[in-house]
There are 2 protein chains.
Amino acid sequence: MKDETEFDDSCTHTLHREVVELVKKNLPEGKSVTDLSEFFSLFGDYTRLRIMMALEVSEMCVCCIGESLDMSDSAVSHQLKILKDSNLVKSRREGKFVYYSLSDDHVKSIIDIAVEHLSEESE
Amino acid sequence: MKDETEFDDSCTHTLHREVVELVKKNLPEGKSVTDLSEFFSLFGDYTRLRIMMALEVSEMCVCCIGESLDMSDSAVSHQLKILKDSNLVKSRREGKFVYYSLSDDHVKSIIDIAVEHLSEESE
DNA sequence: CTTTCAATTGAATACCTGTTCAATTGAATG
DNA sequence: CATTCAATTGAACAGGTATTCAATTGAAAG
């Protein structure tokens, strides 16, 4: 009857055990990590990122965004919906046009940090 | 013979035209935006993000990461390869084990910024 | 040299997600 | 009220990607 009966799967070194337990304790709950990864995913798509960077320059209506980025209005609208549902952009209607803009400057600051990281990378 | 022959697609208002041209001028070239979106994508996957957050706590061997996060060693190894190719994690071999750790503290700072953003969001 | 365990790899699979296309809604205008 | 243009929506499609599974490599120990 060995001492290891409760540790019968892989990587059973006691030293490693302690680390595993420590990590399990300190890891945030699944929900918040999911939220975080979904947040990063918003920036992880090429066209969505381009839309946000375009809106850093100026607010624009849907068709202007499409023309600036050479995308169909439909594709733009779909992505804008995702960004709006995530509170990264907001919109206002003026006559026939719906103008989109960034909700706040979090977007810019997050992109800036990443740009900075990537530029340091290539040194 | 109208003046609009060169502007015969949608959204032809001169006011909008100027904005479109401004945005086109100020938008970074495609390559750098692609790099940026790929960078964010690394954080945009649930399991990859969990791996990085686990490594914030301590360096670990592959099987310990798997055990901490309840994933197969193979799945962990595949993701670690992606993270290593992107220079977000590094590894060292010690006997039979390969220990992984974060390359630098950029990972932590980027995650922290996002966490901060999300917490402000919910106020 | 054979065995054992950790880690990696490649191929196949399954899932997710962005785009397209067609149809529809909303608002202004004649 | 019909028309026009901007925008939205839903369904279908296609491309990318994470996981699984099986096989293999690498290092230590008997």
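Sequence lines set the chain letters: A, B, ... in the order given, protein chains first and strands last, and positions in each chain run from 1. In this text, all values refer to a predicted model and were calculated from it rather than measured experimentally.
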**Message:** What is the distance, to the nearest angstrom, from the CG atom on B:Leu49 to the P atom on D:dA18?
**Reply:** 13 Å
**Request:** Rounded to the nearest angstrom, tell me the gap between atom CG in A:Asp85 and atom C1' in D:dT9.
**Result:** 13 Å
**Request:** Take the protein atom CD1 of B:Ile51 and the nucleotide atom C1' of D:dA18, then report the distance between them rounded to whole Å.
**Result:** 11 Å
**Request:** Tell me, please, which residues at least two apart from B:Lys31 pass salt bridge (charged side-chain N to carboxylate O under 4.0 Å, His left out).
**Result:** B:Asp35
**Item:** Heavy-atom side-chain proximity of B:Thr47 to B:Leu69 below 4.5 angstrom
**Value:** no
**Request:** Would you mind listing every salt bridge (charged side-chain N to carboxylate O under 4.0 Å, His left out) that reaches into residues 76-87 of chain B, with sequence neighbours excluded?
**Result:** B:Lys81-B:Asp85
**Item:** Nucleotide D:dT8, atom P - distance to CG of A:Asp73 in whole Å
**Value:** 9 Å
**Asked** When the distance from NZ of A:Lys96 to C1' of D:dC5 is rounded to whole Å, what number comes out?
**Response** 4 Å
**Asked** Rounding to a whole Å, what distance do you find between A:Tyr99:OH and C:dA27:P?
**Response** 16 Å
**Request:** Scan for salt bridge (charged side-chain N to carboxylate O under 4.0 Å, His left out) pairs involving residues 42-53 of chain A, sequence neighbours excluded, and state none if there are none.
**Result:** none
**Fill in**
Sorted by chain and number, sequence neighbours left out, side-chain contact (heavy atoms from CB on, under 4.5 Å) with A:Ser72 holds for A:Ser74, A:Ala75
**Message:** Just the rounded figure in Å: distance from C1' of D:dA18 to CG of B:Leu42.
**Reply:** 13 Å
Would you tabulate the nitrogen or oxygen pairs shorter than 3.5 Å linking the protein to nucleotides 12-14 of chain C?
none

**Fill in**
As a check of understanding: the bend across the helix from C:dC1-D:dG30 to C:dG30-D:dC1, end axes from five pairs, rounded to 10 degrees, works out to 10°
**Request:** Just call it for A:Tyr100: base, sugar-phosphate, or nothing, with non-hydrogen atoms closer than 4.0 Å on any strand.
**Result:** sugar-phosphate
**Item:** B:Phe40: ring-ring contact (aromatic ring centres under 6.0 Å, His included) partners, not counting sequence neighbours
**Value:** A:Phe43
**Request:** Report the residues that fulfil salt bridge (charged side-chain N to carboxylate O under 4.0 Å, His left out) with A:Glu94, sequence neighbours left out, ordered by chain and then residue number.
**Result:** A:Arg92
**Message:** Checking B:Glu56 now: which residues fulfil salt bridge (charged side-chain N to carboxylate O under 4.0 Å, His left out) with it, not counting sequence neighbours?
**Reply:** none
**Request:** Produce a footprint string for nucleotides 15-23 of chain C: one letter per nucleotide, 5' end first; B if the base is under 4.0 Å from any protein heavy atom, S if only the sugar-phosphate is, - if neither.
**Result:** ---SSBB--
**Request:** Using whole Å, report how far NZ of B:Lys81 lies from C1' of D:dT19.
**Result:** 17 Å
**Message:** Between A:His16 and B:Glu67, do the side chains contain a donor N or O and an acceptor N or O under 3.5 Å apart?
**Reply:** no
**Request:** With sequence neighbours excluded, tell me which residues meet salt bridge (charged side-chain N to carboxylate O under 4.0 Å, His left out) with B:Lys108.
**Result:** B:Asp112
**Set of side-chain contact (heavy atoms from CB on, under 4.5 Å) partners for B:Ser37, sequence neighbours left out** = A:Tyr46, A:Leu49
